[in-house]
Colleague: 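Here it is, the structure, as structure tokens.
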Amino acid sequence: MENKGSDEVEKLKTKFLSVWHNVKYSWALKPKTSFSRNSPVLLLGKCYHFKAEATDEESLTEASVEDLVMGDVDAFRRDFASRVWLTYREEFSPLPGSTLTSDCGWGCMLRAGQMMVAQGLMLHFLGRDWTWSEALTLQPLDTETWTTTAAKRLVASLEASLQGAPGPSVRNSSPQAQALSLGSAEEADAHLKEMYHRTLVSWFGDSPSTPLGLHRLVRLGLTMGKQAGDWYGPAVVAHILKKAVEEAMDPGLACITAYVSQDCTVYSADVVDCHRAPRAERTSDETPDAPTLPQNDHPVHASTLPESRAVIILVPVRLGGEKTNPEYFDFAKSILSLEYCIGIIGGKPKQACYFVGFQDDSLIYMDPHYCQSFVDVSTSDFPLQSYHCPSPKKMPFSKMDPSCTVGFYSRSVQDYERISQELSKLLQPSAKEKYPAFTFVQGHGRDYNLSAGLTPEKREWPFIHDPRRTVTTVGDFVLL
């Protein structure tokens, strides 16, 4: 009886902690994000205009995206809400090397990194023009919606705990795709892409068996001296993501890999090798029913597999000293204006965000600081709604932390050659800038012997330590 009583107390404590997480890590109670009606909005290479037809100046003031009805607002909302949103979760199985069952308060950089890789996979499998059919049906995370949902969840959970019954299920009814009539090629294509969409999201589920989930990332972090509950910087996360993509056993991920720059330098020969090198033969019992996903608009043939591997390029950089140098604002804007850019992970000090666009001098980002319940992605009809964000957030460039990682997607060797040429021109330093944010160099990194003798911990750094020079360390970076 004593054990039973203590179990009930623990259940109640868990439920109250769950509600507290939703209060502390919910940004839904903050005011709506305002957008100018007269300035274009850039979202991962797509440009949207909210220009109003009214002529009186009072009507041309800023408005929240939910209130705007002119121009490309619906197109922007559909595009933004179609990006994969990965946030704090709770009530999943304990993370490797710990008893933690939630990443609330510490896992935001890992979540931001997951979102960036998810965007790369979306470009690979679905293309930049794809949008989710249910994107505009998502409810905004406003005060009323959050309060109602939280209250209902609290009451239902407490009642279930007291009665010894399971809490409310997170599963929805079968997705619309299963009821879709495949009467035309367009409908069949939409159905197929929705299957790819669901499979892609499932790779980031919070269970030990998912290839890109939090459990896998934490396990890889252990090899770099990071524990569950530690702060992960953008450079360390880049290396963790690289390993996760490289070592993924799901056959659907065999046609894509990842590369991390060294010392703010992208070595072209290394990237080309990533494109060309065939991946090891894989077999996996983790996801036996997952479909093998073809590349969007590029059918995969057996003879072309070794040459068709795509690469997610991750470049850890530092855009200033203690604060972001304003001279890099235009650089960040230029990067986010490219369709092959998969975003920037960074944020405020100790508070990570995933930057996906901008308007004027403000960054548009997806915020992982929102605690949601565990979703079992092993079921065929798991709900997708909590993996898509209806409400964009904005942050002034001046508040951006200088430590960040920039991501790009390259489909082929030819694609990379074009990307490197375009970025090299963009990275030319101006009269005010003494150094580019990063550079492209021909050859392999090993030709320059940059990492000889480095410990695994030091290999995480994007800047290579030279003992002959005086340095000051800041977070994941060494400032020369």
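No experiment lies behind these values; they were computed from the predicted model shown. Just the heavy atoms: all of them, side chains too, but no hydrogens, waters or symmetry mates, feed the values below. Note that the numbering runs from 1 along the sequence shown for the chain.
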Colleague: Can you list the residues that meet the salt bridge (Lys or Arg N to Asp or Glu O under 4.0 Å) rule with Glu339, with sequence neighbours excluded?
Modeller: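 Lys46.
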Colleague: Any luck finding a side-chain donor-acceptor pair between Asn38 and His49 under 3.5 Å?
Modeller: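 Looking only at side-chain atoms, His49 and Asn38 do not form any donor-acceptor pair under 3.5 Å.
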Colleague: Looking only at non-hydrogen atoms, find the nearest pair between Cys353 and Ala112 and report the distance.
Modeller: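 Here Cys353 and Ala112 meet closest at O-CB, 3.7 Å.
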Colleague: As a quick check of understanding, evaluate side-chain contact (heavy atoms from CB on, under 4.5 Å) for Lys348 and Met400, giving each step before the final call.
Modeller: CA-CA 6 Å; Lys348 303 175 185 177; Met400 178 185 181; over 6 Å; no
Colleague: Under the criterion side chain to side chain contact (heavy atoms under 4.5 Å, CB included), which of Val237, Leu314, Leu241 is the partner of Thr405?
Modeller: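 Considering Val237, Leu314, Leu241, a side chain to side chain contact (heavy atoms under 4.5 Å, CB included) with Thr405 is found only for Leu314.
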Colleague: In Å and rounded to the nearest 0.5 Å, what is the CG to NE2 distance from Asp447 to His444?
Modeller: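 With rounding to 0.5 Å, CG (Asp447) is 6.5 Å from NE2 (His444).
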Colleague: Can you tell me if Asp360 and Ser362 form a side-chain donor-acceptor pair at under 3.5 Å?
Modeller: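 No donor-acceptor contact under 3.5 Å links the two side chains.
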Colleague: Under the side-chain contact (heavy atoms from CB on, under 4.5 Å) test, which residues partner Lys399, sequence neighbours left out?
Modeller: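 Partners of Lys399 by the side-chain contact (heavy atoms from CB on, under 4.5 Å) criterion, ordered by chain and then number, come out as Met395, Pro396.
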Colleague: Picking from Leu212, Leu86, Val84, what satisfies side chain to side chain contact (heavy atoms under 4.5 Å, CB included) with Val117?
Modeller: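 Looking at Leu212, Leu86, Val84, the match for Val117 under the side chain to side chain contact (heavy atoms under 4.5 Å, CB included) is Leu212.
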Colleague: Determine whether the aromatic ring centres of residues Trp85 and Tyr370 are separated by less than 6.0 angstrom.
Modeller: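 Centroid separation for Tyr370 and Trp85: below 6.0 Å.
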Colleague: Decide yes or no on ring-ring contact (aromatic ring centres under 6.0 Å, His included) for Trp203 and Phe125, but give the supporting numbers first.
Modeller: CA-CA 13 Å; Trp203 286 332; Phe125 294 116; 5.8 Å; yes
Colleague: For His275 and Tyr416, which I'm curious about, is there any donor-acceptor pair between the side chains at under 3.5 Å?
Modeller: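 No donor-acceptor contact under 3.5 Å links the two side chains.
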Colleague: Taking atom types as modelled and ignoring hydrogens, do the side chains of Gln359 and Ser39 form a donor-acceptor contact shorter than 3.5 angstrom?
Modeller: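 No, no side-chain donor-acceptor pair sits under 3.5 Å.
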Colleague: Only pairs at least two apart or in different chains count here, so list each salt bridge (Lys or Arg N to Asp or Glu O under 4.0 Å) that has a residue in residues 230-242.
Modeller: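 Non-adjacent pairs meeting salt bridge (Lys or Arg N to Asp or Glu O under 4.0 Å): Lys242-Glu246.
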Colleague: Does any N or O in the side chain of Asp263 come within less than 3.5 Å of the main-chain N or O of Thr265, such that one atom is a donor and the other an acceptor?
Modeller: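 Not confirmed, Asp263 side chain does not pair with Thr265 backbone.
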Colleague: List the residues meeting side-chain contact (heavy atoms from CB on, under 4.5 Å) with Pro94, not counting sequence neighbours, and say none if there are none.
Modeller: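 By the side-chain contact (heavy atoms from CB on, under 4.5 Å) rule, Pro94 matches Thr101.
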Colleague: Who are the side-chain contact (heavy atoms from CB on, under 4.5 Å) partners of Ser207, not counting sequence neighbours?
Modeller: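 Counting only residues at least two positions away or on another chain, Ser207 forms a side-chain contact (heavy atoms from CB on, under 4.5 Å) with Ser209, Thr210.
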Colleague: To the nearest 0.5 Å, what is the distance between CD1 (Ile345) and CE (Met366)?
Modeller: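 These two atoms lie 14.0 Å from each other.
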Colleague: Nearest 0.5 angstrom please: Glu187 CD to Asp189 CG, how far?
Modeller: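 The CD atom of Glu187 sits 11.0 Å away from the CG atom of Asp189.
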Colleague: Look at the aromatic rings of Phe397 and Phe358 and report parallel, tilted or perpendicular, splitting at 30° and 60°.
Modeller: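 Tilted, since the angle between the ring planes falls between 30° and 60°.
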Colleague: Using side chain to side chain donor-acceptor pair (under 3.5 Å) as the criterion, list what pairs up with Arg89, not counting sequence neighbours.
Modeller: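 Result, side chain to side chain donor-acceptor pair (under 3.5 Å) vs Arg89: Ser386.
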Colleague: Got Ile312 and Met116 here, is their nearest side-chain heavy-atom distance under 4.5 Å?
Modeller: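 Heavy-atom side-chain distance check fails, nothing below 4.5 Å.
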Colleague: Start with the C-alpha distance between Phe408 and Leu423, add both sets of side-chain angles, then the distance that settles side-chain contact (heavy atoms from CB on, under 4.5 Å), and finish with yes or no.
Modeller: CA-CA 11 Å; Phe408 304 97; Leu423 288 177; 3.8 Å; yes
Colleague: Which residues pass the ring pair (Phe, Tyr, Trp, His ring centres under 6.0 Å) test with Tyr340, sequence neighbours left out?
Modeller: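 Expected list: none.
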Colleague: Could you tell me how the ring of Phe355 sits relative to the ring of Tyr365: parallel (under 30°), tilted (30 to 60°) or perpendicular (over 60°)?
Modeller: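 It falls in the perpendicular class, over 60°.
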Colleague: Which atom pair, heavy atoms only, marks the closest approach of Phe92 to Leu214?
Modeller: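 Between these two residues, the closest heavy atoms are CZ-CD2, 3.7 Å.
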Colleague: Leu222: which residues meet the side-chain contact (heavy atoms from CB on, under 4.5 Å) condition with it, sequence neighbours left out?
Modeller: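 If we apply the side-chain contact (heavy atoms from CB on, under 4.5 Å) test to Leu222, skipping adjacent residues, the hits are Pro96, Gln227.
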Colleague: Is there a side-chain contact between Leu253 and Val245 (heavy atoms, below 4.5 Å)?
Modeller: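 They are not in contact (no side-chain heavy atoms under 4.5 Å apart), so the answer is no.
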Colleague: Return the set of residues passing side chain to side chain donor-acceptor pair (under 3.5 Å) with Asp415 (not counting sequence neighbours), or none when no residue passes.
Modeller: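 In terms of side chain to side chain donor-acceptor pair (under 3.5 Å), with neighbours along the sequence ignored, Asp415 is linked to Arg418.
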Colleague: List the atom of Cys274, the atom of Val311, and the distance in Å for their closest heavy-atom pair.
Modeller: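 The pair with the smallest heavy-atom distance is CB-CG2, 3.6 Å.
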Colleague: How about Ile419 and Tyr409: do any of their side-chain heavy atoms sit closer than 4.5 Å?
Modeller: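 When only atoms from C-beta onward are counted, Tyr409 and Ile419 do not touch, as no gap falls below 4.5 Å.
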Colleague: Answer yes or no: is there a side-chain heavy-atom contact under 4.5 Å between Phe204 and Leu121?
Modeller: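 Yes, close enough: below the 4.5 Å cut-off.
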Colleague: So Val266 and Val271, do their side chains get closer than 4.5 Å, heavy atoms only?
Modeller: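 Yes, side chains in contact.
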Colleague: Taking the side chain as C-beta and beyond, is there a heavy-atom pair between Tyr448 and Val441 under 4.5 Å?
Modeller: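 The answer is yes; the side chains approach within 4.5 Å.
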Colleague: Taking all atoms of both residues into account, what is the closest heavy-atom pair of Ala81 and His388, and its distance?
Modeller: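 Distance-wise, the nearest heavy atoms are O-ND1, 2.8 Å.
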Colleague: Could you go step by step and tell me if Lys393 and Ile364 meet the side-chain contact (heavy atoms from CB on, under 4.5 Å) rule?
Modeller: CA-CA 6 Å; Lys393 304 291 289 182; Ile364 298 170; over 6 Å; no
Colleague: Listed by chain and number, what are the ring pair (Phe, Tyr, Trp, His ring centres under 6.0 Å) partners of Trp130, not counting sequence neighbours?
Modeller: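 So Trp130 forms a ring pair (Phe, Tyr, Trp, His ring centres under 6.0 Å) with His197.
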Colleague: Determine the minimum heavy-atom distance between Cys108 and Trp231, stating which atoms define it.
Modeller: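 Heavy atoms of Cys108 and Trp231 come nearest at SG-CZ3, 3.6 Å.
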Colleague: Apply side chain to side chain donor-acceptor pair (under 3.5 Å) to Asp79 and list each qualifying residue two or more places apart in sequence or on a separate chain.
Modeller: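 Here the qualifying residues are Tyr48, Arg83, Arg128.
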Colleague: For Val317 and Leu319, work out which heavy atoms get closest and say how close.
Modeller: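 Answer, listing the atom of Val317 first, then Leu319: CG2-CD2, 3.9 Å.
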Colleague: Honestly, is Arg111 close enough over Tyr88, meaning NZ or CZ under 6.0 Å from the six-membered ring centre and within 45° of the axis?
Modeller: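 No, Arg111 and Tyr88 do not form such a contact.
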Colleague: Please lay out, stage by stage, how Arg318 and Ser403 fare under the test side-chain hydrogen bond (donor to acceptor under 3.5 Å, both in side chains).
Modeller: CA-CA 5 Å; Arg318 189 170 182 90; Ser403 298; 2.4 Å; yes
Colleague: Can you confirm whether Val201 sits close enough to Leu384 that some side-chain heavy atom of one is under 4.5 Å from a side-chain heavy atom of the other?
Modeller: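 Yes - at least one pair of side-chain heavy atoms lies under 4.5 Å apart.
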Colleague: What I'd like to find out is whether the side chain of Cys255 reaches to under 4.5 Å of the side chain of His124, using heavy atoms alone.
Modeller: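 Side chain of Cys255 against side chain of His124, heavy atoms only: contact under 4.5 Å found.
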Colleague: Please lay out, stage by stage, how Met224 and Lys243 fare under the test side-chain contact (heavy atoms from CB on, under 4.5 Å).
Modeller: CA-CA 11 Å; Met224 297 183 181; Lys243 283 189 176 182; 4.1 Å; yes
Colleague: Mind checking what makes side chain to side chain donor-acceptor pair (under 3.5 Å) contact with Asp361, not counting sequence neighbours?
Modeller: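 Asp361: side chain to side chain donor-acceptor pair (under 3.5 Å) contacts with Lys333.
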Colleague: Roughly how far apart are Cys47 SG and Leu42 CG, rounded to 0.5 Å?
Modeller: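 Reported value, rounded in 0.5 Å steps: 5.0 Å.
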Colleague: Using ring centroids (six-membered ring only for Trp), state whether Tyr267 and Phe440 fall under 6.0 Å.
Modeller: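 Centroid distance Phe440-Tyr267: not below 6.0 Å, so no.
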Colleague: Return yes if some donor-acceptor pair links the side-chain N/O of Lys394 with the main-chain N/O of Ser34 below 3.5 Å, else return no.
Modeller: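 Yes, because the side chain of Lys394 sits within donor-acceptor range (under 3.5 Å) of the backbone of Ser34.
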Colleague: Got a donor-acceptor contact below 3.5 angstrom from the Asp270 side chain to the Gly445 backbone?
Modeller: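 Between the backbone of Gly445 and the side chain of Asp270 there is a qualifying donor-acceptor contact (under 3.5 Å).
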Colleague: How long is the span from the CG atom in Asp129 to the OG atom in Ser82, to the nearest 0.5 Å?
Modeller: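 The OG atom of Ser82 is 11.5 Å from CG of Asp129, to the nearest 0.5 Å.
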